[in-house]
Student: 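Below is the structure I would like to discuss, written out as structure tokens.
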Amino acid sequence: MSKTVIYQVLPRLFGNMQSANQYNGTLEVNGSGKLNGINSKVLNHFKKMGISHMWYTGVIEHATTTDYSDFGIVKDKAHVVKGLAGSPYAIKDYYDIDPDLATDVDKRLEEFDNLVKRTHDAGLKVIIDFIPNHLARQYSSDAKPEGIKDFGEDDDQSQSFIASNNYYYLPNTDFKAPGDHTDDPWQEIPARATGNDCFSPNPDITDWFETVKLNYGVDIQNNRQNNFDPIPDTWHKMKDVLWYWASKGVDGFRCDMAEMVPVEFWQWCIAELKKEYSELLFVAEVYQPDLYQAYLQHGGFDLLYDKVGFYDSVIDVLKDHRPMHVISDAWHRIDSFSSNMLFFLENHDELRLASDYICGNAHSAWPAWVLTAAYSSNPIMIYAGQEIGEPGMDEEGFSGRDGRTTIFDYWSVDSLRRYYDSINKGESELSDSESHLLNNYQKITSLLNQNKPLSEGGVYDLMWCNKESGGLEQSKVYAWLRYHEKEWLLLVANFSDQDKKTRVIIPEHALGIIGVDNKNYYKGKEIMEGARPISFPKEVACTKGVGLSIKAHQVLIYQF
């Protein structure tokens, strides 16, 4: 069984070869990647890299300042759009494709269908975003199937809340976007609640002011009372959206801010979809650990983001903000349902590892990635550019120099441009450090898919038994075991910027669980760095510990 490895890519950025990069530049100046640019060479590259799922971020039509009115698309007011390109999470038409991504705008849906086919032909599965909690202020579907009504079309706008409405209204008020807008402002009377549960007609700049909150039958202003009988209209509309994309061959959905939508909706909707599409993958963005079990067991999700647990712990250790043992603690909190947790170290919301705000270089983050990717058999995710050390330190426009790669601006990322070119030309245009990192990512992902202890084996954390005499904690070295049917691995990751000589105790309890405690002598081959093999008597391993030398930011994997 191979490991689930999701690759997140923003097509607007990936494959954009237009390198002008004017600050706050328009589509005409700065360009955009296209769906057609994600060709068979690109997809075969990621398949060989060990990727199983391509998550295409921002493919559904969203609000933008670019004028596509010649193609029958309503022009957006700039005051309710973030950045010139706009946020992929302010959906303007749930049934259409972002025209920025089309080579021929009139054929944008056909181009998406072709991308799905190419992806499947490469042996990969397709994930797209589903944004259920909010939509763009100027939502207007020109591509909806016959018989489908727009959101809010039948709403009673005189009522602040009724379960049959799609929106929450603020009667007798005018919406006003942040800032002083006297030139052609967006008119909204009555105002509607904003996507982050802001019930003010004058949201702040920090609010999700470009979006409108959807009503799932929860009276948020009245003790969050539920009104689910009869099933609210929004439920049916959202099920129709998911059904539409599933019928086009989409294999899964990354569900944005799933925790802001009642679990009862997910329980009903996912079950309905899986009656017809049983293999659909549903990934939930949930940040509250006390909701994990509810969204897995009752909601029916297959995977949850593990942001506030494993991610935060690993990042804090990487930044030297917390001790090593917090990683073990984070694992123990999810151990019973770890196979449903999606591990990652980068995505469009988070800081780049190589940014000035985390490591300042990708090499230092390597042990954190191997720990994240190889700690257990649960699914993992890579964000486009992570594998070549993209630092995210451009200043693009709406998105400033913040250590993230913009999702709001038209931009061409230098490293991604050279990476894309290298894939298509078959000749590397990457720097030596970028190529080295990419090779390491490819090697570890290959091991994750081909090595049984890594792809489907058990985990034995060694930190608890290595606390004496300074132990691994103080050395900033992490050690754990992976095992499957008496084949086992010792993994040692050095988070320190100094070479270390250390000893790792492997207790008899661990050897018993693996089923190799009847041996008196062990010999292991190092399979990641090509380091010298190690050998040791059982008595030494269980008492004094196995002696190891490990370089700064190095990971050693010994196979027994």
Student: Should D414 and R418 be marked as a salt bridge (Lys or Arg N to Asp or Glu O under 4.0 Å) after you check the CA-CA gap, both sets of side-chain angles, and the distance that decides it?
Tutor: CA-CA 6 Å; D414 174 66; R418 289 183 289 106; 3.1 Å; yes
Student: Check whether any side-chain N or O of D93 sits under 3.5 Å from a backbone N or O of Y95 as a donor-acceptor pair, and report yes or no.
Tutor: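 Flag set: sc D93 to bb Y95 pair under 3.5 Å.
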Student: Check whether any side-chain heavy atom of L481 lies under 4.5 Å from a side-chain heavy atom of L462, and answer yes or no.
Tutor: yes
Student: Using the rule given for ring-ring contact (aromatic ring centres under 6.0 Å, His included), can you reason through W55 versus F253, listing the C-alpha separation, both sets of side-chain angles and the distance that settles it, and then say yes or no?
Tutor: CA-CA 8 Å; W55 167 17; F253 300 93; over 10 Å; no
Student: I'd like to check L489 versus W480 (side-chain heavy atoms, cut-off strictly below 4.5 Å). Are they in contact?
Tutor: no
Student: Looking at R401 and E395, is any side-chain nitrogen of the basic one under 4.0 Å from a carboxylate oxygen of the acidic one?
Tutor: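 Yes.
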Student: Tell me whether E390 contacts the main-chain N or O of G392 through its side chain, where contact means a donor paired with an acceptor under 3.5 Å.
Tutor: yes
Student: List for me each residue that meets side chain to side chain contact (heavy atoms under 4.5 Å, CB included) alongside R118, sequence neighbours excluded, and say none if there are none.
Tutor: N36, S40, L43, N114, L115
Student: Given E387, which of Y441, Y419, W369 fulfils the side-chain hydrogen bond (donor to acceptor under 3.5 Å, both in side chains) condition?
Tutor: Y419
Student: Could you tell me whether a side-chain N or O of S422 sits under 3.5 Å from a main-chain N or O of E429, the two making a donor and an acceptor?
Tutor: yes
Student: Would you call the rings of F343 and F310 parallel, tilted or perpendicular, where under 30° means parallel and over 60° means perpendicular?
Tutor: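 Aromatic pair F343/F310 classed parallel.
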Student: Please check this pair: side chain of D461 against backbone of S328, looking for a donor-acceptor N/O pair closer than 3.5 Å.
Tutor: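 Checking the backbone N and O of S328 against the side chain of D461, no donor-acceptor pair under 3.5 Å is found.
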Student: How about F282 and W266: are their ring centres within less than 6.0 Å of each other?
Tutor: no
Student: Stepwise, does the side-chain contact (heavy atoms from CB on, under 4.5 Å) test hold for Y7 with M381?
Tutor: CA-CA 6 Å; Y7 190 84; M381 181 172 70; over 6 Å; no
Student: Could you tell me if the ring centre of Y277 sits under 6.0 Å from that of W243?
Tutor: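 So the answer is yes for these two rings.
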Student: Is D113 paired with K117 through a side-chain N to carboxylate O contact shorter than 4.0 Å?
Tutor: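 D113 and K117: not salt-bridged.
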Student: Could you give the distance from OG1 (T445) to NZ (K48), rounded to the nearest 0.5 Å?
Tutor: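 Reported to 0.5 Å precision, the distance equals 15.5 Å.
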Student: Do any N or O atoms from the side chain of T372 and from the backbone of A368 form a donor-acceptor pair under 3.5 angstrom?
Tutor: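 Such a contact is found between T372 side chain and A368 backbone.
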Student: Once you round to the nearest 0.5 Å, how far does CG of N44 lie from NZ of K47?
Tutor: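 Going from the CG atom of N44 to the NZ atom of K47 covers 10.0 Å.
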Student: Is R333 paired with D335 through a side-chain N to carboxylate O contact shorter than 4.0 Å?
Tutor: no
Student: Between Y94 and W245, does a ring-ring contact (aromatic ring centres under 6.0 Å, His included) hold up when you go through it step by step?
Tutor: CA-CA 9 Å; Y94 279 113; W245 293 108; 9.6 Å; no
Student: Determine whether R404 and H348 make a side-chain contact, defined as any pair of heavy atoms from C-beta on separated by less than 4.5 Å.
Tutor: no
Student: Hey, could you give me the CG/CG distance between N424 and N39, rounded to the nearest 0.5 Å?
Tutor: 4.5 Å
Student: Looking at CZ of R482 and CG of L490, how far apart are the two atoms once the value is rounded to the nearest 0.5 Å?
Tutor: 13.0 Å
Student: Could you check if a side-chain atom of Y420 sits within less than 4.5 angstrom of a side-chain atom of H45, using non-hydrogen atoms only?
Tutor: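 Sidechains of H45 and Y420: no contact.
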Student: Please confirm whether the backbone N or O of K125 pairs with a side-chain atom of D251, one donor and one acceptor, at under 3.5 Å?
Tutor: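 Flag not set: sc D251 to bb K125 has no pair under 3.5 Å.
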Student: Under a 4.0 Å N-O cut-off, is there an ion pair linking K92 with D100?
Tutor: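 Here K92 does not pair with D100 in a salt bridge, since their nearest N and O are not under 4.0 Å apart.
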Student: Which pairs would a plain distance check flag for residues 550-560, meaning a side-chain donor or acceptor within less than 3.5 Å of a matching protein atom at least two apart in sequence or in another chain?
Tutor:
residue	atom	partner	partner atom	Å
H553	ND1	S496	O	3.4
Q554	OE1	K551	N	2.9
Q559	NE2	E487	OE2	2.4

Student: Under a 4.5 Å cut-off applied to non-hydrogen side-chain atoms, are L84 and L27 in contact?
Tutor: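 Of all side-chain heavy-atom pairs linking L27 with L84, none is under 4.5 Å.
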Student: Using side-chain heavy atoms (C-beta onward) and a distance below 4.5 Å, is Y410 in contact with N24?
Tutor: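 Contact flag for Y410/N24 side chains = no.
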Student: Carefully, step by step, assess L371 and F495 under the rule side-chain contact (heavy atoms from CB on, under 4.5 Å).
Tutor: CA-CA 10 Å; L371 179 63; F495 280 71; 3.7 Å; yes
Student: Roughly how far, to the nearest 0.5 Å, is the CD1 atom of I380 from the CG atom of L345?
Tutor: 9.5 Å
Student: Is it true that a side-chain atom of N494 and a backbone atom of V477 form a donor plus acceptor pair closer than 3.5 Å?
Tutor: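 No, because the side chain of N494 does not come within donor-acceptor range (under 3.5 Å) of the backbone of V477.
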Student: Give a yes or no answer on whether the side chain of N439 reaches the backbone of S435 with a donor-acceptor pair at less than 3.5 Å.
Tutor: yes
Student: Please evaluate residues R352 and I358 with respect to the criterion side-chain contact (heavy atoms from CB on, under 4.5 Å), reporting the C-alpha separation (whole Å), side-chain torsions for both, the decisive distance (0.1 Å), and the verdict.
Tutor: CA-CA 7 Å; R352 290 285 194 177; I358 303 283; over 6 Å; no
Student: Decide yes or no for P99 and F71: does some side-chain heavy atom of the first lie under 4.5 Å from some side-chain heavy atom of the second?
Tutor: no
Student: Considering only heavy atoms from C-beta outward, does the side chain of Y478 approach that of Y375 to under 4.5 Å?
Tutor: yes
Student: Please check if the side chain of S412 supplies one atom and the backbone of N16 the other of a donor-acceptor pair under 3.5 Å.
Tutor: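 Confirmed, S412 side chain pairs with N16 backbone.
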Student: Pair V42, F14 - check side-chain contact (heavy atoms from CB on, under 4.5 Å), show working.
Tutor: CA-CA 10 Å; V42 169; F14 196 83; 3.8 Å; yes
